[in-house]
Structure formats: structure tokens, C-alpha cells
Amino acid sequence: MSGKFTIGSEPVIGLLTPSKKRDYRVTNRLQEGKRPLYAVVFNFIDSRYFNVFATVGGNRVTVYQCLEGGVIAVLQSYVDEDKDESFYTVTWACHVDGTPFVVAGGLNGILRVIDAGGEKIHKSFVGHGDSINEIRTQPLQPSLVVSASKDESVRLWNVHTGICILIFAGAGGHRNEVLSVDFHPSDIYRIASCGMDNTVKIWSMKEFWTYVEKSFTWTDIPSKFPTKYVQFPVFIASIHSNYVDCNRWLGDFILSKSVDNEIVLWEPKVKDQSPGEGSVDILQKYPVPDCDIWFIKFSCDFHYNAAAIGNREGKIFVWELQSSPPVLIARLTHAQSKSPIRQTAMSFDGSTILSCCEDGTIWRWDAVAMS
């Protein structure tokens with residue numbers, strides 16, 4: 001079933017010598033609290049809010065704005081009623097009327113959809129049988145979000161109606177925690193997921209799309225919606241020999257990382273006639289030293305020109321994605337940044353990089369004007 005490696009193509013490995021194409025410096029550091037921060041994400045859904053970002057840690061979701069001169073302003077904070085909740089992931093979505101939503105999930109397995117303007121809960125989605133490790137938004141239809149869970153499933157939700165449309169699990173599904181999931185940037189039917197079973201799976205929603213459309217016009221209670229199980233992925237890849245904790249589409253290619261101190265860029269060669277089969281072409285590798293603990297996620301700017309990833313030593317590596325061999329744009333280090341970086345967020349144009357850390361800090365790095 002799993003994608004076999006193609007013989008004769010050696011992946012190109014990037015060098016860890018910074019090109020100095022762009023330099024960044026620390027412009028702010030915030031101590032948000034004592035609990036670890038697991039996720040930070042800019043709002044790429046709405047151009048009015050490109051400089052707005054959200055973080056999650058403990059039972060708190062906080063929304064900030066990046067202002068000129070390194071300033072970070074707190075816009076709002078949501079504290080979950082359950083003090084034992086621990087949020088692991090956050091994404092931006094929007095109501096069909098354009099209202100921005102922040103969607104967070106974690107330990108309790110509940111998706112909280114928060115009205116980012118009104119600072120109140122819009123909806124709570126219960127369905128997952130265990131904690132939620134990642135939530136992502138469909139860029140072409142931002143009222144659709146997908147969640148990856150410890151319960152070995154991925155679920156597709158409509159934040160507008162509160163409906164769980166599809167559940168990706170079953171015979172061909174993941175055999176352990178699902179750690180990451182991502183929507184294809186232009187093919188609205190495709191998602192990729194990865195997890196503790198060391199695989200990356202590509203799923204298609206094409207034959208179930210009528211259910212997605214139906215979820216927008218459903219007027220009965222959400223629990224009566226005929227949620228469908230998608231049991232078989234169209235492709236399974238065994239690229240890594242350990243947990244795969246982050247995967248992102250780069251066009252039709254996939255970037256994925258495990259605990260092997262590198263991000264791997266590969267091409268899935270899917271055979272549409274025989275689902276699940278096909279081959280894998282490993283194209284490039286982006287080394288990331290001291291990145292050997294799981295649950296460290298990388299991020300890209302809006303146009304996928306660059307990726308930023310932190311490591312367990314508090315350093316950030318910024319890789320140019322569209323060059324071969326890969327070019328290390330910058331390696332960011334600071335004497336006080338020693339704690340594991342769980343996630344980074346790159347701004348729309350890549351000029352600002354945020355990192356959120358195990359010690360409850362948020363760091364802001366801004367590109368220095370090159371003389």
C-alpha cells in the first residue's frame with residue numbers, strides 16, 4: 001500500500017551555512033504565562049487582519065496584533081471554563097458573513113470556535129474521542145476546518161453550521177495518534193495527514209463533496225446530519241521511520257518532518273486507478289539540528305517562499321523553499337532563547353517571524369533592512 005521510493009533520484013540536501021539573504025533581529029519578547037505555548041498563527045484568511053495572530057497555552061487563547069517598531073498589542077483573551085484544559089492548536093477561520101473566528105482545540109478533544117470580535121464562544125464541537133493535535137482551515141472556503149486527533153481520526157467541520165461533515169478513519173486510516181493535517185492550497189478536495197504511525201496519508205473528498213455542500217444549507221440539528229466515513233486514503237507514504245508531526249502542501253509536493261532533524265520535500269505520485277498505491281520521489285532535505293523531540297511544527301509565509309522552524313534549543317532556521325539546492329536564509333539565535341520552540345508563525349510576506357516556546361514566551365523577530 002505504501003509509496004515506494006524511486007530508484008535513481010538522490011534528494012538534494014541543503015547546507016547549514018546561512019546565505020544572509022535576509023537578516024532578522026529580536027524586536028520583542030513577551031512572557032505570556034507559566035504554561036507551555038504550543039501554537040502561534042497569523043490570520044491569512046482576511047487581508048484586514050494580516051498582522052493579527054493568536055496563541056494557545058494552557059486553557060487560554062490570546063489574540064495579538066503586530067504593530068510598528070516591534071510592538072505587540074493584546075487584543076483579547078479567552079480563558080476556557082475548564083481550568084485543566086490545555087490547548088495544543090489554533091487556526092483562523094471565518095463565518096459565512098466574514099466574521100473572523102479563532103478555532104482552538106487540545107486535551108479535552110473539544111473544538112472551541114471563538115468569535116474574535118465579540119470575545120465569546122460561537123460554537124463548541126464535540127465528537128473526537130481524545131485530544132486534538134492540530135486544526136487547519138480550508139483557504140478557499142474558510143468556514144471549513146479539519147482537525148487531527150489522538151483518537152486516530154481526522155474530522156471535517158463546518159464552523160458556520162456546527163456540522164461534522166466527514167470523518168477520515170477506518171480500514172485505511174491512521175493506526176495511532178494523528179499529529180498534523182493540511183488542506184491542499186488549490187485542490188479543494190485533497191487533504192494530507194500524518195501521525196504516530198510514521199505515515200503520511202493523502203485523502204480525497206471528491207466523491208463526498210455533496211455532503212460538504214449540504215452542510216451549508218442544513219437546517220435541522222447538527223447531530224442529525226448524515227456524517228460520512230472516508231475509510232480509504234488515495235495515497236499512503238512511508239517517508240519517515242518515526243512519528244511524523246507536521247506536514248504541509250507545497251503546491252502538489254509535500255513538506256513533512258519527523259524527529260530526524262530535517263524537513264523532507266517529496267512528490268507523491270498517485271495512481272488514480274488504484275487508490276493507496278503509487279510511488280514517492282524524495283526531492284530535497286532541509287536540515288534542522290537539535291530538532292529531535294516530537295511536536296515541533298514549522299510554518300511558511302503566505303506564498304510559500306520560506307519556511308521557519310524552531311528546535312529544542314530555542315534556535316530558528318529559516319529555509320528558502322523554492323530553490324534547489326535548498327538555501328538557509330537565516331539561523332536565528334538569542335542568548336535568552338533556550339527553551340524548545342513548539343511552533344513558529346511567519347507573517348504574510350515573511351518579514352516577521354514569531355515563535356512560541358515551552359517556557360511560555362513569545363518571541364518576535366523582524367527582518368532588518370539590508371543596506
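Since we're looking at a predicted model, the values are computed, not measured.
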Measure across Tyr88 and Val56 and return the closest heavy-atom pair with its distance rounded to 0.1 Å. C-CG2, 4.0 Å

Could you walk me through whether Ser149 and Val178 pass side chain to side chain contact (heavy atoms under 4.5 Å, CB included), step by step? CA-CA 5 Å; Ser149 170; Val178 192; 5.9 Å; no

May I ask you to check whether His303 and Asp349 show a side-chain donor-acceptor distance below 3.5 Å? no

Hey, is the main chain of Pro289 close enough, under 3.5 Å, to the side chain of Lys315 for a donor-acceptor pair? no

Can you name the nearest heavy-atom pair linking Glu313 to Asn311, along with the distance? N-OD1, 2.9 Å

Between Ser180 and Arg248, does the side-chain hydrogen bond (donor to acceptor under 3.5 Å, both in side chains) criterion hold? Intermediate values first, please. CA-CA 9 Å; Ser180 184; Arg248 298 288 182 260; 3.3 Å; yes

Report yes if some heavy atom in the side chain of Trp266 is under 4.5 Å from a heavy atom in the side chain of Pro268; otherwise report no. yes

Apply side chain to side chain contact (heavy atoms under 4.5 Å, CB included) to residues Val146 and Gln138 and explain how you reach the verdict. CA-CA 8 Å; Val146 70; Gln138 163 53 258; over 6 Å; no

Work out which heavy atom in Leu321 is nearest to a heavy atom in Cys300; give both atom names and the distance. CD1-SG, 3.9 Å

Hey, is the main chain of Tyr189 close enough, under 3.5 Å, to the side chain of Trp209 for a donor-acceptor pair? no

Hey, does the side chain of Ser355 reach the backbone of Ile341 with a donor-acceptor pair shorter than 3.5 angstrom? no

When you measure from the side chain of Asn28 to the backbone of Gly70, do you find a donor-acceptor pair of N or O atoms at a distance under 3.5 Å? yes

Taking it one step at a time, do Asp84 and Leu107 satisfy side chain to side chain contact (heavy atoms under 4.5 Å, CB included)? CA-CA 9 Å; Asp84 297 323; Leu107 185 66; 5.5 Å; no

For Ile309 and Lys257, run side chain to side chain contact (heavy atoms under 4.5 Å, CB included): C-alpha distance rounded to whole Å, both residues' side-chain angles, the deciding distance at 0.1 Å, then the answer. CA-CA 10 Å; Ile309 182 166; Lys257 71 160 280 286; 3.4 Å; yes

Taking C-beta and beyond as the side chain, do Arg190 and Ile202 meet within less than 4.5 Å on heavy atoms? yes

Would the distance check show the side chain of His334 and the main-chain N or O of Gln336 forming a donor-acceptor pair, the cut-off being under 3.5 Å? yes

Polar side-chain atom of His184 near backbone of Ser186 as donor-acceptor pair, under 3.5 Å: yes

Sub-3.5 Å donor-acceptor pair from the side chain of Trp319 to the main-chain atoms of Pro287, do we have one? yes

Looking at Asn108, is its backbone amide N or carbonyl O close enough to the side chain of Ser131 to form a donor-acceptor pair, meaning the two atoms are under 3.5 Å apart? no

If you define the side chain from C-beta out and look only at heavy atoms, does anything of Val90 sit under 4.5 Å from Tyr38? no

Looking only at atom types and distance, does a side-chain atom of Asp182 sit under 3.5 Å from a main-chain N or O of Ala192, one as donor and one as acceptor? no

Could you check Leu30, Val26, Thr27 and say which one makes a side chain to side chain contact (heavy atoms under 4.5 Å, CB included) with Arg364? Thr27

Indicate, with yes or no, if Leu111 and Ile121 share a hydrophobic cluster defined by side-chain heavy-atom contacts under 4.5 Å among Ile, Leu, Val, Met, Phe, Trp and Tyr. no

Shared ILVMFWY cluster between Val212 and Phe225, side chains joined below 4.5 angstrom? yes

Nearest 0.5 angstrom please: Ile316 CD1 to Phe298 CZ, how far? 15.0 Å

Should Arg112 and Glu81 count as an ion pair when the cut-off is N to O under 4.0 Å? yes

Taking atom CD of Glu32 and atom CD1 of Ile362, what is their separation to the nearest 0.5 Å? 4.5 Å

Take atom CD in Glu213; do more than 12 heavy atoms of anything else shown fall under 6.0 Å from it? yes

Would you mind reporting whether Trp294 and Leu179 have side-chain heavy atoms less than 4.5 Å apart? yes

Side-chain touch Thr361/Ser339, heavy atoms, less than 4.5 angstrom: no

If you draw a 6.0 Å radius around CD in Gln31, do more than 12 non-hydrogen atoms from other residues or ligands fall strictly inside? yes

Parallel, tilted or perpendicular, as decided by the 30° and 60° cut-offs, for the rings of Phe302 and Phe50: tilted

Answer yes if Leu156 and Leu140 sit in the same cluster of Ile, Leu, Val, Met, Phe, Trp and Tyr residues linked by side chain heavy atoms under 4.5 Å apart, and no otherwise. yes

Would you compute the distance between atom CZ of Arg29 and atom CH2 of Trp365 and round it to the nearest 0.5 angstrom? 12.0 Å

Give, for atom SG of Cys357 and atom CD of Gln343, the distance between the pair rounded to the nearest 0.5 Å. 11.5 Å

Non-hydrogen atoms of Ile165 and Ser215 that approach each other most closely: CD1-OG, 3.3 Å

Can you find a pair of side-chain heavy atoms, one from Arg35 and one from Arg60, that are under 4.5 Å apart? no

Beyond-backbone contact of Lys228 with Met205, side-chain heavy atoms, under 4.5 angstrom: no

Check Val318, Asn305, Leu354 against Met346 for a side chain to side chain contact (heavy atoms under 4.5 Å, CB included) and give me the one that passes. Val318

Tell me if a side-chain donor or acceptor on Asp151 pairs with a main-chain N or O of Gly129 at a distance below 3.5 Å. yes

Whether Phe44 and Phe42 hold their rings parallel, tilted or perpendicular, with breakpoints at 30° and 60°: parallel

Salt bridge present between Lys297 and Glu134 (N-O < 4.0 angstrom): yes

How many angstroms lie between atom CG of Asp115 and atom NZ of Lys123, to the nearest 0.5 angstrom? 11.0 Å

Do Thr137 and Thr91 have side-chain N/O donor and acceptor atoms under 3.5 Å apart? yes

NZ of Lys269 to CG of Asp281: how many Å apart, nearest 0.5 Å? 4.5 Å

What's the shortest heavy-atom distance between Trp218 and Thr161, and which atoms? O-CG2, 4.5 Å

Restricting to non-hydrogen atoms, name the atom on Thr62 and the atom on Ser77 that form the minimum distance, rounded to 0.1 Å. OG1-OG, 3.8 Å

Could you tell me if Tyr78 and Gln76 have a donor-acceptor pair between their side chains, going purely by distance under 3.5 Å? no

Heavy-atom side-chain contact between Asp252 and Glu267 under 4.5 Å: no

Hydrophobic cluster identity match, Val200 and Phe235, side-chain contacts under 4.5 Å: yes

For Thr352 and Asp366, does a side-chain donor sit closer than 3.5 Å to a side-chain acceptor? yes

Determine the interplanar angle of the Phe53 and Tyr64 rings, folded into 0 to 90°, and report it as parallel if under 30°, tilted if 30 to 60°, perpendicular if over 60°. parallel

Are Leu166 and Leu144 connected, step by step, through hydrophobic side chains (Ile, Leu, Val, Met, Phe, Trp, Tyr) whose heavy atoms are closer than 4.5 Å? yes

